[in-house]
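First the structure, in the form of structure tokens, and then the observations on it.
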Number of protein chains: 2
Amino acid sequence: MLRAAAELFVAHGYSATTLRQIAESAGIKAGSIYHHFDSKELLFSVVLDEGIDVMVQAFHTAADVTSDAPAPSRLLAHVRAHLGALFENGPFTTAHVTSFFSAPHTVRAQAVTRRDGYENLWSALLNDLFPQINRKDLALHRLILFGALNSTIEWFDPAGNLTLDQLAAVVTNQFLNGVQP
Amino acid sequence: MLRAAAELFVAHGYSATTLRQIAESAGIKAGSIYHHFDSKELLFSVVLDEGIDVMVQAFHTAADVTSDAPAPSRLLAHVRAHLGALFENGPFTTAHVTSFFSAPHTVRAQAVTRRDGYENLWSALLNDLFPQINRKDLALHRLILFGALNSTIEWFDPAGNLTLDQLAAVVTNQFLNGVQP
DNA sequence: CGATCTACCTAACGTTTGTTAGGCGAGTGC
DNA sequence: GCACTCGCCTAACAAACGTTAGGTAGATCG
């Protein structure tokens with residue numbers, strides 16, 4: 001049922017998704033939702049939290065696997081993990097990207113706070129991978145990379161010709177070396 | 001009044017914005033909106049169209065100014081123009097980024113169609129600037145660049161220390177040369 | 001067996017939503 | 001000075017919204 005809610009939030013945004021739609025999609029009636037969640041906002045909040053958990057977990061498994069690999073490989077693994085969280089692990093992570101702006105102020109603020117934890121993981125990683133670049137510049141590069149990664153959900157088709165591995169390779173390579181041949 | 005509507009759409013998304021809010025923000029009453037627009041969807045549609053017009057116009061002025069400059073300068077000018085459309089020319093362009101997912105299907109489909117025109121301008125530009133790169137790769141690079149540019153509205157503060165010119169330079173440089181020092 | 005709990009339902013509540021019909025005053029053209 | 005348009009208002013409409021109260025079937029447990 002959390003899954004059903006997340007999918008609808010992703011497709012239509014927070015406020016355009018009604019509890020009756022969620023209920024129907026989950027095979028129950030609208031009023032029954034309140035047996036599990038005290039309000040629509042809280043349900044949304046749980047969906048977003050779940051999305052962050054997925055991302056953080058993906059990050060840590062990528063970190064474990066590649067902890068002593070060279071820098072480009074480690075970066076690639078984490079880019080792949082982030083894309084995997086978006087496209088392979090349910091709609092929870094995606095909800096963060098698509099329904100962020102349609103979320104109520106309180107939920108939005110809370111989501112930002114929790115997301116900071118994940119972003120700090122990335123900051124630490126990048127500072128570790130590129131010690132020769134100063135942190136302020138690196139923070140900017142990270143934001144640009146995040147923008148590129150998250151907006152893939154607007155155009156990337158997991159069932160298309162391009163695989164997630166290939167996409168991760170392209171993004172990583174562009175981040176490292178730019179577009180010049 | 002279009003401006004008031006656009007600002008509210010940007011802040012809360014499409015369906016969380018009520019006609020009464022828009023009316024109040026524009027200094028009129030809700031019913032009066034229908035003297036100008038036949039429906040809420042149509043009003044939103046007009047806002048989005050206006051946003052595309054702003055972007056296309058910014059693109060063409062940048063093209064006129066730098067038509068015989070070297071490739072990196074031309075790219076920089078267009079990146080700067082795109083960022084200018086987002087941050088300096090009202091909320092119409094921004095509405096495209098923030099309220100896209102909360103838009104009704106029909107409006108969304110129409111917006112995509114009109115946006116294709118703008119994206120084709122960019123495709124042509126990049127193919128012109130980088131003839132040595134094959135078009136399929138370049139299309140990917142463009143999508144990545146667009147993602148990075150559009151998501152700046154989530155974190156960039158026009159009133160902060162970093163200027164738009166500097167931001168444009170950073171993004172352009174990362175696109176061309178990557179993050180390596 | 002009886003008590004309790006869980007997961008759900010029905011039916012309604014007050015509010016808000018987009019939308020509409022009809023009216024009113026200021027300006028314009030003839 | 002009369003007709004007409006334009007921009008806006010008031011007042012209401014039906015529908016849909018989040019939410020709540022009270023009830024019911026089935027499982028759990030002592």
Side-chain angles (χ1 to χ4, degrees), chain A residues 1-51 90-92 95-96 98-111, chain B residues 1-51 90-92 95-96 98-111:
Chain A
M1 156 177 161
L2 268 176
R3 180 169 234 88
E7 277 166 5
L8 285 166
F9 284 142
V10 166
H12 309 117
Y14 171 74
S15 56
T17 302
T18 73
L19 290 177
R20 286 168 176 83
Q21 286 174 352
I22 296 174
E24 187 185 12
S25 174
I28 60 176
K29 293 301 161 80
S32 309
I33 294 181
Y34 284 82
H35 192 270
H36 305 274
F37 304 97
D38 284 347
S39 72
K40 186 188 178 189
E41 284 198 10
L42 216 126
L43 165 60
F44 188 41
S45 215
V46 170
V47 167
L48 291 183
D49 282 358
E50 176 75 24
F92 302 103
H96 259 274
T98 67
S99 359
F100 181 73
F101 288 104
S102 59
H105 284 83
T106 60
V107 180
R108 206 189 292 196
Q110 179 191 328
Chain B
M1 154 173 164
L2 267 177
R3 180 169 233 88
E7 280 166 0
L8 284 166
F9 284 142
V10 167
H12 309 118
Y14 170 73
S15 55
T17 302
T18 73
L19 290 178
R20 285 167 177 85
Q21 286 175 351
I22 296 174
E24 187 185 12
S25 175
I28 60 175
K29 293 300 160 82
S32 309
I33 294 180
Y34 284 81
H35 194 272
H36 305 274
F37 305 95
D38 285 346
S39 71
K40 186 188 177 188
E41 284 198 10
L42 216 125
L43 165 59
F44 187 42
S45 215
V46 171
V47 166
L48 291 183
D49 283 357
E50 177 75 23
F92 303 102
H96 258 275
T98 69
S99 0
F100 180 73
F101 288 104
S102 58
H105 284 82
T106 61
V107 180
R108 203 189 294 196
Q110 180 190 328

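In this entry the distance linking CZ of B:Phe44 with C1' of C:dG18 reads 16 Å, nearest Å. Rounded to an integer number of Å, the gap from CD of B:Gln21 to P of C:dT17 is 7 Å. We find that CZ of B:Arg20 is positioned 7 Å from P of C:dG18, with the value rounded to whole Å. Atom-to-atom, NZ of B:Lys40 to P of C:dG18 comes out at 4 Å; the value is rounded to the nearest Å. The distance between atom CD of A:Glu24 and atom P of C:dT10, rounded to the nearest whole Å, is 13 Å. Rounded to whole Å, the distance from CD1 on A:Ile33 to P on D:dT19 is 10 Å. What separates CG of A:Asp38 from C1' of D:dT20 is a distance of 12 Å, to the nearest Å. At whole-Å resolution of the value, CG in A:Leu19 and P in D:dT20 are 11 Å apart.
Checking each of A:Phe100, A:Phe92, A:Tyr14 against A:Phe9 for a ring pair (Phe, Tyr, Trp, His ring centres under 6.0 Å) leaves exactly one that passes, namely A:Tyr14.
Here B:Tyr34 reaches the OP1 or OP2 of C:dT19: one of its side-chain N or O atoms lies under 4.0 Å away. Phosphate proximity of C:dC9 to A:Lys29: absent, as no side-chain N or O sits under 4.0 Å from OP1 or OP2. Between B:His36 and D:dC6 there is no side-chain N or O to OP1 or OP2 distance below 4.0 Å. B:His35 has no side-chain polar atom (N or O) that falls below the 4.0 Å cut-off from OP1 or OP2 of D:dC9. Dashed line: the shortest gap from a side-chain N or O of B:Ser32 to OP1 or OP2 of D:dC9 is under 4.0 Å.
Mapping A:Gly31 and A:Thr18 onto DNA chain D via the closest heavy atom, the residue that lands nearer the 5' end is A:Thr18.
Inspection of the A:Ser102 and A:Ser15 side chains reveals no N or O donor paired with an N or O acceptor under 3.5 Å. Side chains of A:Ser25 and A:Glu7: a donor-acceptor N/O pair is absent below 3.5 angstrom, by distance only.
Using a 4.5 Å cut-off on side-chain heavy atoms (C-beta onward), B:His36 and B:Leu2 make no contact. A:His12 places a side-chain heavy atom less than 4.5 Å from the side chain of B:His105.
Across all strands shown, B:Ser15 has no heavy atoms under 4.0 Å from either base or sugar-phosphate atoms.
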